[in-house]
Every structure is written in C-alpha cells, then in structure tokens.
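A short write-up of the structure that comes next.
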Amino acid sequence: MDSEDDMHDANDSADDDFYSGGEAGLPGSDDGDGDYDFADHDSDDSGELLSHRQQQNYSILSEVDIKQRQEDDINRVSTVLSISKSEACVLLRNYNWSVSKVHDEWFADEERVRKIVGLPEKHMELPNDREVICGICFESCPRGMMSAAVCGHPFCSTCWRGYISTAINDGPGCLMLRCPDPSCAAAVGQDMINALADDEDKEKYGRYLRRSYIEDNRKTKWCPAPGCEYAVEFVMGSGSYDVNCNCSYGFCWNCTEEAHRPVDCATVSKWILKNSAESENMNWILANSKPCSKCKRPIEKNQGCMHITCTPPCKFEFCWLCLGPWSEHGERTGGFYACNRYESARQEGAYDESERRREMAKNSLERYTHYYERWAANQSSRQKALGDLQSLQNDKLEKLSDIQSQPESQLKFIIEAWLQIVECRRVLKWTYAYGFYLPEHEHAKRQFFEYLQGEAESGLERLHQCTEKELQVYLEAESPSKDFNDFRTKLAGLTSVTRNYFENLVRALETGLNDVGPSTSHGTCSRSATSKSLGGKSKSGKNRASSTSSKSGGSNRGLDDSNIWICDQCTFANPKSARACQACDRQHR
C-alpha cells in the first residue's frame, strides 16, 4: 500500500526541472534599428515569469510545517492501524517515518513488527497491591507513585525521571528508549515522556523527535546554511537537484554543497578537493623552485646570479643551473650568470627528465590558476550582486519610486534583473570548473564550450552594466525621467534574453555537449546545438552576425555560420531552417 507521497514521486519523475520552463517570447517592433528594441513587459508577462520561477520540485518546511506534517503522519498511522498515537510514533521512528512502509510491514506480519519495535500486543497493568517494590531502587512505594511501560514492569516516579533524563541528555538515542528492565525490550513512548519528564527534558525530546522526522526521512533534509532552521521536502526523480531555501541559500539536494548546475556532483567534489588540497602547492613548488643539493629543501630564485646559498643550518653553496657545489665553479665555468657544465650536460640530455617534470608542473599550475581565478572572480561578483540587491530592496527602491513617481510594484523588473544576475553569476562560476575537467583532446566540444561561455559572459556583463550603471542615472535624477519607460523595456528585455540563454547553456552542458558534431579544423557543431545557443553580440546592434568573432571567437569558437542565422533583435542563434526567432518570435527576413 503506497502512500500519496510515493505516488506523487512516481508521477513527477517525468517532469521537467524548474530551470527548463518555456522560453518567454518578446514580441518587438519591426524596425530593428535600435540596440535594445524590446517590447514592454506588462503585468501578464510578470505573472508568466513568476509562474516560471515557481516550477519547483521541492517544498520549504518551517518548524510549524514540520510539526504539522509529523502530527498528520502519526494520526494517519494511528487511524489505519487502530493503535494509540504514542504507538504510531514508535512505529514511524523505527521505519524512518515512511507511512507506506509501516503499512506494508504491519499488514504483512503484525506480530513480527510488534516484536521488533517493542510493542507487546497485550498491555500489562501494575500489580493491584497497595505498595509495590521499585525494580531500580528496590524501595517499597505506594502504587500511585509507580509507573510502567506497556510491559508492566513497575518503577517509582523518581527512578523513571532519572532514567529518562539521563537518556535525553545522552542525545537522540532517547527516541529508541526501552524499559529499564534488562530482560525487557518494550518501547517507552512519548506519552510516558510527557507524563514523567520535566519541562526542559520534554522540550529536548520534542526537538530530537522533529530532527528525526527530517534526518531519518529520505525525502527531507535540513538546509545546510549556518543558522538556518528550514527543512526541504524533495520530490525524487524529478530532474534538477538545485534547491533555493527561504533563507536565500541555494544548495544541491544530492550532495548538499552549494547549488552547482550545470556541473555534476562528482565534478564539484573533485574541484572543491583540488582547491583545498596540497597538490597545487606541490605543483607550485615543483614549477618555481629547485631543491638544495645537500638538504633537499626547496628554494625559489626570483632574481640575481646563479650563486645560491641555502638557509641555516645548511648554508650549502651551489649553482642554481646544474645544482653542483659552487666551489667547483668560477670564471672557467661561465662566471656568476652562466654555467658551461649545465649547458654541456643539457645538450647530452642529462636534465631532460627534470626539465620535463618542471615544465609539466608549470603548465598544470598555469591552467589551474586560469580557471580558479575566473571561478573565484564570478563568486566575488555574485556576492557583490547579492549585496547590491539587498541595498536596492532596503533603500534604493523606495527612493526610485519617489523620484520617478511610480509605485514599487511597477519596479519589480529591477529586482528580477538583479535576481537573474545572481543566478547567472553562479552558473557562470561553475562553468569554469566544467571547463577545467573537459578533456583536452575533444577539440570540437572545447571550442563550442568556450564559445558558449564567452557569449554567456558577454550577455551577462551587458545586463549587469545596464542594471548597475544605467539605473544610477535615474536614482540621481531630481524629477521623473521621460525615458524611464524605455529603460524598463530595455532592462526587462535584457533580463529575459539572458535568462533564456543561460537556461539553454545549462541544458547543453548537462547533456555533455552531445550535440557537437565531428571534430574538424574549426570544431563545427550540429544544428540542434546551435539552435540552443545565443549568437555573437555587437554593441551597435547592426551586422551582429559578422561581429561574433570580436570577443568570443565567433565561428572559430565552434559554430558553423552556414547553419545558423542571428536574430538582429535579441541576438539569439537560430537554425537555418527556422523562420522565426526561437527566443523572441521575430520573423526572419
């Protein structure tokens, strides 16, 4: 008997992920002369954008939501199995809060399940005697001061409180508490905890119970952001693993690292390990230093002659080139700035292996540095964009509303632009990790990847500049600007085009650039790959197709220009067979 949640998982397994929604059309005017000739975005367009963002495969749970869902599950099990809520809670804890699994196991073999979880079918009562001996302190106590679990083993209230308090203070293991009698495996339910524990212990027990509901359930996890108390319920098998918590932190459900689409979790793990490992330090040492001939301590030489003196206590003097003792060097060996012994030995191949290793280490280090610096730069830009967004929401939006005499609800397009910048910076950051691990021998894929990456960066910089620099003009104005609506049209259009491009970029990288055709001298790609990519951009807005080689390498970066045409309105690269632009619906002329 499957639960509704499990059925929901199956039904949603074929759904598209929330990044891959339909590409918003931007019907524009026909003149096409302006650099940013976009149509106005009305309220219907904003609703479409909101709907696009809400296509997600997870739910954010607050503490109230967690309590409610936990209580609902307990009530469902209690009702279906005709047992108390305390017993239903014990069952769910033992089966990782899976309602369907509890039902399946219970109806398959109720007796076996009861034995495993410690719920005897027959509830034993305390002896009818006026006084009963406690099984822990062996004191004779009035019957009213005695308590017992479902097994009926009697213990006084004082001993019960001490037993429960010790278990709770020991940690979450108290959720699996059993009868104090060594020979008994009966479970101690939440009803006994509430009846016998003090308020502090009951609060701790409740926290452990809520944590168990999240941590033991395969469909839920805590947000990994420091100090965040939200949990996430995820629909398995529904595409993207990216989650955006209400605390504004984005993370990957699968590996709980920060959100990293389009890079897979294995690549992220390798990249993070490489950034934190000592391997790059060793590469730097190998590429930029030589070992002392005597003590083998690495020494870096950045200027001066070839006469090297090792640091104390070694103090060995040697030649930097041949690593031989300096006492054997002088004018006859080339003086202080050359070494005849090294040159002759090098011609004979004596240093080939060490030079080869040093050169390989240097090339590897330079390649890693290239990708890491750009990865870190986009991370820094993303953090700055988040700060600018917060500043806009706290202060500038209200100021802009007053200056331009427009309600804040009509300025949401600026917030959307900044949110898009933050998301695109994250995607662009991880494309550098993707590029680092892209095999060098796959030239066509590498060229196509570099083209897509270059165009993505170009488009994002244009959006970022418009949002940051051009907005400042309207913030500093003293009265409403006549061209503010033109700015709205331009920024909304740039946001939509950039979003479409990055969504297609993500999909292309997630499929491993499989649409790239056979490797040629220029690295061509198939029509299907090209139809997903944004073409080259020129700042004049005219003759865009001929300007694709300016920043990103144009056709030499992996595109076959004979198979595409570039929309002169939104610069989207379309397959030659398309009669209208796939991004903005503009007819091809």
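A salt bridge does not link E442 to R446: none of the charged side-chain nitrogens sits closer than 4.0 Å to a carboxylate oxygen. A salt bridge does not link R507 with E510: every distance from a Lys NZ or Arg NE/NH1/NH2 to an Asp or Glu carboxylate oxygen is 4.0 Å or more. A salt bridge is defined here as a Lys NZ or Arg NE, NH1 or NH2 lying under 4.0 Å from an Asp or Glu carboxylate O, and K202 with D199 meets this definition. Comment: D483 does not engage K490 in a salt bridge, judged by the lack of any side-chain N to carboxylate O separation of less than 4.0 angstrom. Between E71 and R76, no side-chain nitrogen of the basic residue sits less than 4.0 Å from a carboxylate oxygen of the acidic one, so the salt-bridge criterion is not met. One finds no salt bridge joining K396 and E408 here, because no Lys/Arg side-chain nitrogen approaches an Asp/Glu carboxylate oxygen to under 4.0 Å. A salt bridge does not link E215 to K221: none of the charged nitrogens lies less than 4.0 Å from a carboxylate oxygen. No salt bridge links E105 with K101; every basic N to acidic carboxylate O contact stays at or beyond 4.0 Å.
Between L175 and Y208, the shortest heavy-atom distance links the atoms CD1-O, 3.4 Å. The two residues W97 and I74 have their closest heavy-atom pair at CZ3-CG1, 4.2 Å. Across all non-hydrogen atoms, the minimal contact from L428 to A456 is CD1-CB, 4.3 Å.
Looking at T495, its side chain does come within 3.5 Å of a backbone N or O of L491 through a donor-acceptor pair.
A perpendicular orientation is assigned to the rings of F436 and Y368, their planes being inclined by more than 60° (bins at 30° and 60°).
Note: F251 and Y241 fail the aromatic proximity criterion, with ring centroids not under 6.0 Å apart. In this structure, the ring of W418 has its center less than 6.0 angstrom from the ring center of H464.
In this structure, R69 is not positioned above the aromatic face of Y213 in the sense of NZ or CZ being under 6.0 Å from the six-membered ring centre and within 45° of the axis.
No hydrogens or angles considered: nothing links the side chains of N378 and S381 as a donor-acceptor pair under 3.5 Å.
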Kindly list each side-chain donor-acceptor pair under 3.5 angstrom involving residues 398-405, sequence neighbours excluded, with atom names and distances?
{"residue": "S401", "atom": "OG", "partner": "Q406", "partner atom": "O", "Å": "2.4"}
{"residue": "Q404", "atom": "OE1", "partner": "S481", "partner atom": "N", "Å": "2.9"}
{"residue": "Q404", "atom": "NE2", "partner": "Y474", "partner atom": "O", "Å": "3.3"}

